[in-house]
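Small disclaimer: the values here were computed from a predicted structure and weren't measured.
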Amino acid sequence: PHHFAELKEMYDKQLAAYEYACKKLPIVSKNTRHGGPPRDLPTLKKFLEAGKRRRKQKKNKREFNELQKVVSSVAKEILALMKKELY
């Protein structure tokens, strides 16, 4: 039951962000020439992000950049180990 409650809470937050974005910012999908809800995943992600508060947007961007740094450093380590293994 607690997993369902967490899932429902996440759903409610995304739905609120979607509704706020619909009121605030009519983004046009790449695949269509008219407004309305996005019809492709990248545009939907941008649309939902636009519906979040600025503080949350900045936090999400900061967390994403931190994760990208970690992924990049791990990828470099893996490449170094692979090169070491080949020679």
Enquirer: A side-chain contact here means heavy atoms from C-beta on lying under 4.5 Å apart; do E6 and M10 qualify?
Expert: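 When only atoms from C-beta onward are counted, M10 and E6 do not touch, as no gap falls below 4.5 Å.
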Enquirer: Looking at K69, K76, Q68, which one forms a side-chain contact (heavy atoms from CB on, under 4.5 Å) with S72?
Expert: K76
Enquirer: Holding to salt bridge (charged side-chain N to carboxylate O under 4.0 Å, His left out), I want the full list of residues that pass it with E9, two or more places apart in sequence or in another chain.
Expert: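 Applying salt bridge (charged side-chain N to carboxylate O under 4.0 Å, His left out) to E9 gives K13.
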Enquirer: Within this structure, what is the CG-NZ distance for the pair N65 and K61, rounded to the nearest 0.5 Å?
Expert: 6.5 Å
Enquirer: Shared ILVMFWY cluster between V71 and L79, side chains joined below 4.5 angstrom?
Expert: no
Enquirer: Just how far is it from atom NZ of K58 to atom CZ of R62, taken to the nearest 0.5 Å?
Expert: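 That separation rounds to 9.0 Å.
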Enquirer: Working to the nearest 0.5 angstrom, can you tell me the gap between K46 NZ and D40 CG?
Expert: 9.0 Å
Enquirer: How long is the straight-line distance from CG of L7 back to NE2 of H2, given to the nearest 0.5 Å?
Expert: 12.0 Å
Enquirer: Answer whether the closest heavy-atom distance between the side chains of V70 and E66 falls below 4.5 Å.
Expert: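 Answer no - side chains too far apart.
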